[in-house]
Colleague: 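Below is one structure. I have some questions about it.
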Amino acid sequence: MNLPELFERFGTEEKCRDYLEELRWPEGVKCPRCESESISRITTRNQLDCNDCRYRFSVTTGTLFHDSHLPLTKWFMATYLVTESKKGISAKQLQRMLKVSYKTAWYLAHRIRDAMGDDDQPLLRGIVEVDETFVGGRRLGVGRGRYRDEDNPPVAGVAQRGGEVRLRVVRDRSRGTLHGFIREHVADEAEAIYTDEWIGYQGIGDADTRHESVNHSAKEYVRADVHTNTVEGVWSLFKRGIVGSYHQISAKHLPAYLDEMEFRFNNRENPFLFRDTLLVLVHGEALPYAKLVEASA
Ligand SMILES: [Zn+2]
């Protein structure tokens, strides 16, 4: 979907409301209170009336759309911008483009990113690549070590060849931490794990899983099909996105940005990302604005 199509399809509150109704009740409107399907419409007020329990509601009742008191057109535009921008979009940019306050833009960005995160996370199999890095400024690409820095934690990533990625903030780059990360996301019987020569990966192979590494410090990057280019490509996209869009990123929000990157990568061939994100938003729990701002403080 391009920008003119967005305005054509979702340029008014009414069009947005109709679309949300389709997403929320694909088999016809149901009363949120008693599940009755006998509903009357009070069209002039966009209200629905339950004929059984007399509950009066609208398509946004009980959703975060209602709670936010923002026009639906802005929600739809924000969802479009966040899901379509390949390298991510900052709250500052949303603020300027949607003409909303910074707080509102921040809220929108976080809710939409949250909705983009998927819960169903199968273990990766086949050939997987694992790599870890630092995202923050000064430490970027510098040295190897086991130090901990609360403001700049390392991030670990695993990519299945031709498949999905998992990206996480990790405690450190120790063997225990990296082995734990791999065990959490990779099937026990995976065919092979490819890494670089870092000591933290040593011993990760076993009888049914080959472990091979390329020696980056000796300028070896590819040996036959052994390389970590997929996961390194994800890091480079992520870093360019952060430098280009976010300017700075606090360690506190790093997991949310990693989630977004992961979701975007895993859905790189999903043409329904916009719709799927709205679907999560309309079914999701309404987390009040005040509560979210409080949680982030
Ligand atoms: Zn009812």
Side-chain angles (χ1 to χ4, degrees), residues 1 5-84 91 94 98-101 103-122 256 259-260 263 267 270-297:
M1 185 166 55
E5 280 164 1
L6 177 80
F7 287 109
E8 173 66 35
R9 291 185 59 192
F10 306 115
T12 67
E13 289 299 292
E14 199 187 345
K15 287 178 178 175
C16 295
R17 215 178 288 115
D18 287 347
Y19 190 63
L20 286 184
E21 193 174 305
E22 263 175 63
L23 293 178
R24 186 171 183 182
W25 297 296
E27 276 137 44
V29 180
K30 245 188 205 168
C31 171
R33 188 169 280 171
C34 76
E35 308 237 300
S36 166
E37 290 172 14
S38 170
I39 305 292
S40 305
R41 277 176 194 278
I42 312 168
T43 40
T44 48
R45 297 180 53 209
N46 301 306
Q47 294 278 308
L48 299 153
D49 212 358
C50 175
N51 296 330
D52 286 317
C53 78
R54 292 281 131 209
Y55 184 49
R56 186 165 287 188
F57 58 98
S58 79
V59 67
T60 58
T61 297
T63 73
L64 77 176
F65 296 111
H66 175 79
D67 207 75
S68 69
H69 300 292
L70 264 181
L72 291 176
T73 48
K74 295 214 173 176
W75 269 105
F76 275 57
M77 283 183 230
T79 303
Y80 175 84
L81 291 168
V82 174
T83 56
E84 289 294 312
L94 277 184
L98 299 178
K99 282 196 177 291
V100 293
S101 70
K103 267 188 164 181
T104 298
W106 188 90
Y107 168 80
L108 283 168
H110 277 261
R111 294 311 316 198
I112 293 164
R113 279 188 202 121
D114 194 36
M116 287 168 72
D118 48 352
D119 295 332
D120 178 34
Q121 294 242 307
D259 270 3
E260 185 190 354
F263 187 83
N267 285 279
N270 176 6
F272 304 111
L273 190 50
F274 174 79
R275 183 203 64 190
D276 289 352
T277 302
L278 283 174
L279 196 60
V280 174
L281 287 170
V282 78
H283 283 293
E285 292 244 324
L287 179 65
Y289 173 77
K291 219 167 145 191
L292 183 81
V293 171
E294 193 182 294
S296 77

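All ligand and atom numbering here is 1-based and tracks the order in the structure.
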Colleague: Counting only protein atoms, how many N/O/S atoms are less than 2.8 Å away from the Zn ion (ligand 1)?
Modeller: 4
Colleague: Please determine if K15 and D18 form a salt bridge, counting it only when a charged side-chain N lies under 4.0 Å from a carboxylate O.
Modeller: no
Colleague: Calculate, to the nearest 0.5 Å, the distance between atoms OH and OG1 belonging to Y55 and T61 respectively.
Modeller: 5.0 Å
Colleague: Give, for atom CG of L108 and atom CH2 of W75, the distance between the pair rounded to the nearest 0.5 Å.
Modeller: 5.0 Å
Colleague: Step by step, would you call R9 with E22 a salt bridge (Lys or Arg N to Asp or Glu O under 4.0 Å)?
Modeller: CA-CA 14 Å; R9 291 185 59 192; E22 263 175 63; over 6 Å; no
Colleague: Between the main-chain N or O of T73 and the side-chain N or O of E13, is there a donor-acceptor pair closer than 3.5 Å?
Modeller: yes
Colleague: Rounded to the nearest 0.5 Å, what separates atom SG in C53 from atom CD in E35?
Modeller: 10.5 Å
